[in-house]
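Hydrogens, waters and symmetry mates are skipped; everything else that's a heavy atom, side chains included, is used.
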Amino acid sequence: MSDHPAGVHVVRIDDVPWEPHVMGRSIRKVLDTDPSVDSYVHYRYSPPGGGNPKIRRLHLSISESFFFLSGSLPNWEFKSPEDTQGRIVDFDGGMFMDRLPFSVHGTGPDLSSPTGSTFLMWTSGGGEFEADTGESIAIPFEGVMPTFEHPYTDPIIVDSRSLEWRSHPRREGWKWRPLSTSAKGTITPRPVSVVYIPPDWHGSDELEKVSRRAFLFVLNGSMSLLLDGRREELGEGAYARWDPGSELTVATSSPVGCTTLVVGHDLAGS
């Protein structure tokens with residue numbers, strides 16, 4: 001972990017220890033937390049196999065976002081409590097899911113992963129799956145169904161590999177794949193994108209002040225990022241977060257370029 005002032009956090013996954021997680025045999029690396037709202041960013045591993053209990057649930061106020069890095073992780077998605085059949089989505093590397101509150105989802109004994117899965121996960125607050133019974137509400141498969149005044153939601157599910165690379169709106173030569181960004185390429189309240197910086201790219205050392213909390217996770221390659229005047233060499237598996245008022249710019253990329261997941265920002269402005 002780099003010794004940055006408050007408001008900037010940089011860590012490499014190889015430097016973070018594995019620890020048990022509440023979901024069965026899965027384990028995690030805690031990359032970041034925000035105590036003010038109890039949110040977190042986890043690097044998670046779910047092992048091969050299945051046999052999970054047949055359960056459904058929804059979250060009352062917490063949104064969860066996932067970017068799957070490798071392997072396979074099947075999950076059950078439902079339109080509402082009355083939809084007891086649902087559909088199975090097999091999440092694998094390159095897929096993105098954004099789950100808003102009141103999205104009904106679950107697991108079952110027939111859902112089995114042959115390979116296990118690694119993924120990055122971040123939340124808008126607390127509510128650690130079914131461990132928080134005040135936030136995660138169990139939904140039965142039969143009998144009297146719970147009712148809520150809030151409408152049910154479907155998760156946003158995008159396979160980033162199926163998207164064409166677009167020209168980045170504000171960096172010549174860069175490419176990007178907007179995953180939860182508006183069709184016009186503008187920043188939204190929950191923007192997520194994959195950004196590609198070409199090999200041996202050199203930019204300005206002029207820092208730009210940012211206006212929102214955001215982070216990146218390097219998927220492959222590497223780059224040099226200036227954060228509040230400190231140079232960070234970020235390779236595959238590096239995580240960097242900055243808060244409002246921080247200053248940053250991408251200085252260079254490696255001879256093989258850099259591809260990174262970016263949340264809350266586009267690496268080219270505030």
Side-chain angles (χ1 to χ4, degrees), residues 1-47 59 62-71 73 91 93-99 116-129 131-132 135 160 179-180 190-195 197 210 212-228 230-244 246 248 250 258-267:
M1 185 183 304
S2 296
D3 184 22
H4 273 284
V8 172
H9 178 69
V10 179
V11 69
R12 281 81 178 171
I13 58 171
D14 288 344
D15 298 331
V16 180
W18 288 108
E19 60 182 52
H21 179 248
V22 67
M23 291 289 288
R25 296 176 294 127
S26 64
I27 54 178
R28 69 183 180 185
K29 295 188 176 195
V30 179
L31 303 184
D32 204 1
T33 58
D34 181 358
S36 67
V37 292
D38 197 28
S39 67
Y40 56 77
V41 181
H42 287 177
Y43 177 78
R44 193 82 55 83
Y45 171 70
S46 179
H59 304 303
I62 302 304
S63 60
E64 301 172 329
S65 301
F66 301 76
F67 189 85
F68 293 85
L69 300 167
S70 67
L73 186 65
F91 294 100
M95 294 183 70
F96 167 73
M97 178 176 66
D98 195 18
R99 187 183 300 286
S117 176
T118 59
F119 52 94
L120 201 69
M121 176 186 177
W122 58 100
T123 68
S124 65
E128 184 70 21
F129 288 106
D132 184 346
E135 172 62 30
S160 68
L179 304 182
S180 67
R190 293 171 56 78
V192 182
S193 60
V194 176
V195 175
I197 306 170
V210 298
R212 65 178 68 204
R213 183 182 176 95
F215 69 83
L216 65 81
F217 183 84
V218 177
L219 300 173
N220 56 63
S222 63
M223 66 176 171
S224 177
L225 185 71
L226 294 179
L227 267 172
D228 284 350
R230 295 278 300 274
R231 185 177 295 269
E232 290 287 350
E233 302 298 332
L234 303 178
E236 183 175 340
Y239 169 88
R241 181 260 300 159
W242 51 94
D243 288 344
S246 300
L248 69 86
V250 177
C258 184
T259 304
T260 180
L261 178 75
V262 189
V263 178
H265 204 265
D266 64 5
L267 292 185

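A 4.5 Å side-chain heavy-atom check between Val262 and Val192 finds every atom pair outside the cut-off.
Remark: aromatic rings of His265 and Trp242 are close, center separation under 6.0 Å. Centroid-to-centroid, the aromatic rings of Phe68 and Phe91 come within less than 6.0 Å. Ring pair Phe215/Tyr239: centre-to-centre distance below 6.0 Å.
With respect to Thr260, the side-chain contact (heavy atoms from CB on, under 4.5 Å) criterion is satisfied by exactly one of Val194, Leu219, Val250, Leu216: Leu216.
Residues passing the salt bridge (Lys or Arg N to Asp or Glu O under 4.0 Å) test with Asp32 are Arg213, Arg241, sequence neighbours excluded. Scanning for side-chain hydrogen bond (donor to acceptor under 3.5 Å, both in side chains) contacts around Asp98 gives Ser65, Arg190, with sequence neighbours left out. Residues satisfying the side-chain hydrogen bond (donor to acceptor under 3.5 Å, both in side chains) criterion with Thr118, sequence neighbours excluded, are Ser70.
Atom OG of residue Ser39 and atom CH2 of residue Trp122 lie 12.5 Å apart, to the nearest 0.5 angstrom. Within the model, atoms CE of Met97 and CZ of Phe119 stand 8.5 Å from one another, a figure rounded to the nearest 0.5 Å. Rounding to the nearest 0.5 Å gives a distance of 6.0 Å between CG of Leu120 and CG of Leu31. Atoms CD1 and CD, from Ile62 and Glu135 in turn, are 4.5 Å apart once rounded to the nearest 0.5 Å. In this structure, CG in Leu234 is found 7.5 Å from OG in Ser224, a value given to the nearest 0.5 Å. Between the CG atom in Leu73 and the CZ atom in Phe66 there is a gap of 8.5 Å [rounded to 0.5 Å].
We find that Arg12 and Glu232 are joined by a salt bridge, their nearest charged nitrogen and carboxylate oxygen being less than 4.0 Å apart. Between Glu19 and Arg28 there is a salt bridge, since a side-chain N of the basic residue sits under 4.0 Å from a carboxylate O of the acidic one.
Counting only distance, with no hydrogens or angles, the side chain of Ser124 and the backbone of Ser63 share a donor-acceptor pair below 3.5 Å. Judged by distance alone, with hydrogens and angles left aside, the side-chain atoms of Lys29 form a donor-acceptor pair with the main-chain N or O of Ile13 at under 3.5 Å.
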